[in-house]
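Notes for the one structure printed next.
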Number of protein chains: 2
Amino acid sequence: MRDVAERAAVSAMTASRALREDPRVLPATRERVLAAVAELGYRPNKVARSLRLGHGTGLVGVVVTNLANPFYSRLALGVDSVVGQQDLKTVIGNTAQDPDRERSLVADLVARRVDGIIAVPAGADQRHLAAAAAEGVPVVLASRPPVGFDADCVLVDDFGGARAGTERLLAMGHRRIGFLGSPPAVYTGTERLRGYRAALRDADVPVDERYVRQGQRETAEAAAAAGELLALPDPPTALFCSNNRNTIGAFRAISAAATDTALAGFDDFELADALGLPLTLVAYDRDELGREAARLLLDRMRHSKGTPAAPRRTVVPTTLVEYGARHVGPGA
Amino acid sequence: MRDVAERAAVSAMTASRALREDPRVLPATRERVLAAVAELGYRPNKVARSLRLGHGTGLVGVVVTNLANPFYSRLALGVDSVVGQQDLKTVIGNTAQDPDRERSLVADLVARRVDGIIAVPAGADQRHLAAAAAEGVPVVLASRPPVGFDADCVLVDDFGGARAGTERLLAMGHRRIGFLGSPPAVYTGTERLRGYRAALRDADVPVDERYVRQGQRETAEAAAAAGELLALPDPPTALFCSNNRNTIGAFRAISAAATDTALAGFDDFELADALGLPLTLVAYDRDELGREAARLLLDRMRHSKGTPAAPRRTVVPTTLVEYGARHVGPGA
DNA sequence: CTGTTAGCGCATTCAG
DNA sequence: CTGAATGCGCTAACAG
């Protein structure tokens, strides 16, 4: 920058001000500086800038468990679309479900002095997030509520959506309805299980615990679990799945077993209409989840000085989507 | 950090060294420092560190056009999995196909002094990347070759894969084969079109230009374009698509038209086996693309001092995958 | 093995 | 309106 200042025949200070559009700089002076910048190809060093400012690296950290899952990539995109408008960049950290990795990722983001963190914590232990928040880094949780500390969060209506999806199966006349879900430690999964149970209870249908399978993360595991349910002596006539991984796995099991088991699940997904099976899905706006999380974060960042406002919690609503057996065209 | 040093009764310098595992520090001293760190909850400020070092923010920038496309999220994941092992973090920038956004994103990454950039440039103008490389930031291109400057890159065998896919349709006896692809400015799309043309030429089948439709980015556009081809007086009996967006769009058009048009395309995708249609896909290891790009980048970062090595180019091979009409189970 | 000096590039403070 | 001094937090380079 000194080179620029010299070339423009001003002090480094004036050059700095000119670049930050400080109104106190004479237009003519600014022009000279800008010209020098262009000629020398100078670029301000944002690292030095943030060090000096003591805050504001212009980065927002997003911590997710699996970016390959469209759910998380859309979340990240939603965040980026909002913070990008404030000239903030998104740093994405993928934990691959590893709590240690999540912990170190968050620690690293704090050490980098990111302006804020949006996280989808994998497990129940959120002390690392609590620590980050305690150090003054705004934290927003997405799709999971904070446990053990205060933070803004944006949730999906897991309970209501799952109940509505299960009610749909009940309305179709099913009484033996299975449940396939994520490991119990996953908040959304257990919340959706609660919704499933509530629907059955309200319909006076007893829950047969043999029909409840938690713990499947990927489609292969889900297909295996679904296959086991279908192989029971009195198999369920319908399945409700807590996420798209389980729904797709269940679809494969049902296809393989050649039964006409009814299927419903949480999360819409591409080509759901093309599977040649009637399918009820609990849908919601995935991008909106990220956008809302980003909005909460920006708000928190703006008011970081002064009395911290009470933590806010928003809930994204769900809708039921029905796909027909042959919605897209003729079968084989 | 001064507080830590004081608490441990050493100088700031020694504290710094202790934290960086400098072997010259007495174990007992290190213990004292570590204890002080724990008690004070101190975290080293990585911003200051990178400023001092003058390089090495520990960040790798990944610039993609659309993170919602599994292709790009997998690429990013592949990159992250490799650079993560070197304690580097991944900054993801989404350009949403906007050249201006891409330009400013790259400029920003350079201003942030990222250690390297992996980019999938959207258009043919790569001057911003050339500028970054010229400023000493290692740049690796993924799935597109550099134009107008030298850089490492990792490509997919676009030409060979498309030719093989088209040959498969020819081998099935088709002679009227349509082509659906991305806008001409997209390198992969035109390369795959070349492969398609080569296959037809080698089989002495003239290319009917009415059958060639470029310009579809999303499935809806692709479905419309495919629908137009199928509505021709002498419609193609088979379609080759240059990417998964076009393949899925074509699938929808074929389903809607209830024809038995054969379908082949570049890019494997989830549920491709469940569409109830025979389908030939040109597959390749998407994660590997990112991993290899990361490897090239790490290599380049390591040898950034000294004579720059000649640019390297690796090509990821493709394989043909066949999905049957009713692979997963019974139809409607 | 440990401490002192100096400076990375920028922006706030206070003088001109 | 512009300039000079000072320090953000950290670490190479040189003492001791």
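In the text below, chain A, chain B and the rest are named by the order of the sequence lines, each starting its count at 1. Note: hydrogens, waters and symmetry copies are ignored here, and every other heavy atom, side chains too, is used.
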Item checked: Atom-pair distance (CZ on R24(A); C1' on dG16(C)), nearest Å -> 14 Å
Notebook entry, point to check: Counting N and O atoms only, with roles assigned by atom type, does the side chain of D152(B) sit under 3.5 Å from a partner on the main chain of R312(B), one being a donor and the other an acceptor?
Noted result: yes
Next item on the list: Verify side chain to side chain contact (heavy atoms under 4.5 Å, CB included) between V154(A) and V316(A), making sure each step is shown before the conclusion.
Entry: CA-CA 7 Å; V154(A) 43; V316(A) 174; 3.9 Å; yes
Note to self: Check the phosphate of dT2(C) against S11(B), side-chain N and O only, distance under 4.0 Å to OP1 or OP2. Yes or no?
What the structure shows: no
Notebook entry, point to check: Could you state the CZ-C1' distance from R17(B) to dC1(C), rounded to the nearest angstrom?
Noted result: 8 Å
Check: V10(B) near the nucleic acid: base, sugar-phosphate alone, or nothing, with a heavy-atom cut-off under 4.0 Å?
Finding: sugar-phosphate
Notebook entry, point to check: What's the shortest heavy-atom distance between L141(A) and P121(A), and which atoms?
Noted result: CD1-CG, 4.1 Å
Checklist line | Residue whose closest nucleotide on DNA chain C lies nearer the 5' end, R52(A) versus P27(B) | finding: P27(B)
Next item on the list: Starting from C1' on dG16(C), measure out to CE on M13(A) and report it in whole angstrom.
Entry: 15 Å
Note to self: Under the side chain to side chain contact (heavy atoms under 4.5 Å, CB included) test against T95(B), which residue among D100(B), V64(B), T65(B) passes?
What the structure shows: T65(B)
Notebook entry, point to check: Quick one: does R217(A)'s side chain get under 4.5 Å of P183(A)'s, heavy atoms only?
Noted result: yes
Next item on the list: Would you mind reading off the distance between R20(A) atom CZ and dG9(C) atom P, rounded to a whole angstrom?
Entry: 18 Å
Note to self: Rounded to whole Å, how long is the line connecting atom CG of L53(A) with atom P of dC10(C)?
What the structure shows: 12 Å
Check: Along DNA chain D, 5' to 3', what are the outermost nucleotides having an atom less than 4.0 Å from a heavy atom of chain A?
Finding: dC1(D) to dG9(D)
Item checked: Residue closer to the 5' end of DNA chain D, A15(A) versus L51(B) (nearest nucleotide) -> A15(A)
Next item on the list: Would you indicate whether the side-chain heavy atoms of L289(A) and R74(A) approach each other to under 4.5 Å?
Entry: no
Note to self: Need one value for T29(B): base, sugar-phosphate or nothing, where a base atom within 4.0 Å counts as base even if backbone is also close, heavy atoms only.
What the structure shows: sugar-phosphate
Item checked: Whole-Å gap separating P (dC8(C)) and CZ (R43(A)) -> 21 Å
Next item on the list: Kindly say if S16(A) contacts the phosphate of dC10(C), meaning a side-chain N or O under 4.0 Å from OP1 or OP2.
Entry: no
Check: Contact class for V25(B) vs. all strands (heavy atom < 4.0 Å): base, sugar-phosphate, or nothing?
Finding: sugar-phosphate
Notebook entry, point to check: What integer distance in Å separates R112(B):CZ from dG9(C):C1'?
Noted result: 15 Å
Next item on the list: Drop me the distance from S143(A)'s OG to D158(A)'s CG, to the nearest 0.5 angstrom.
Entry: 7.0 Å
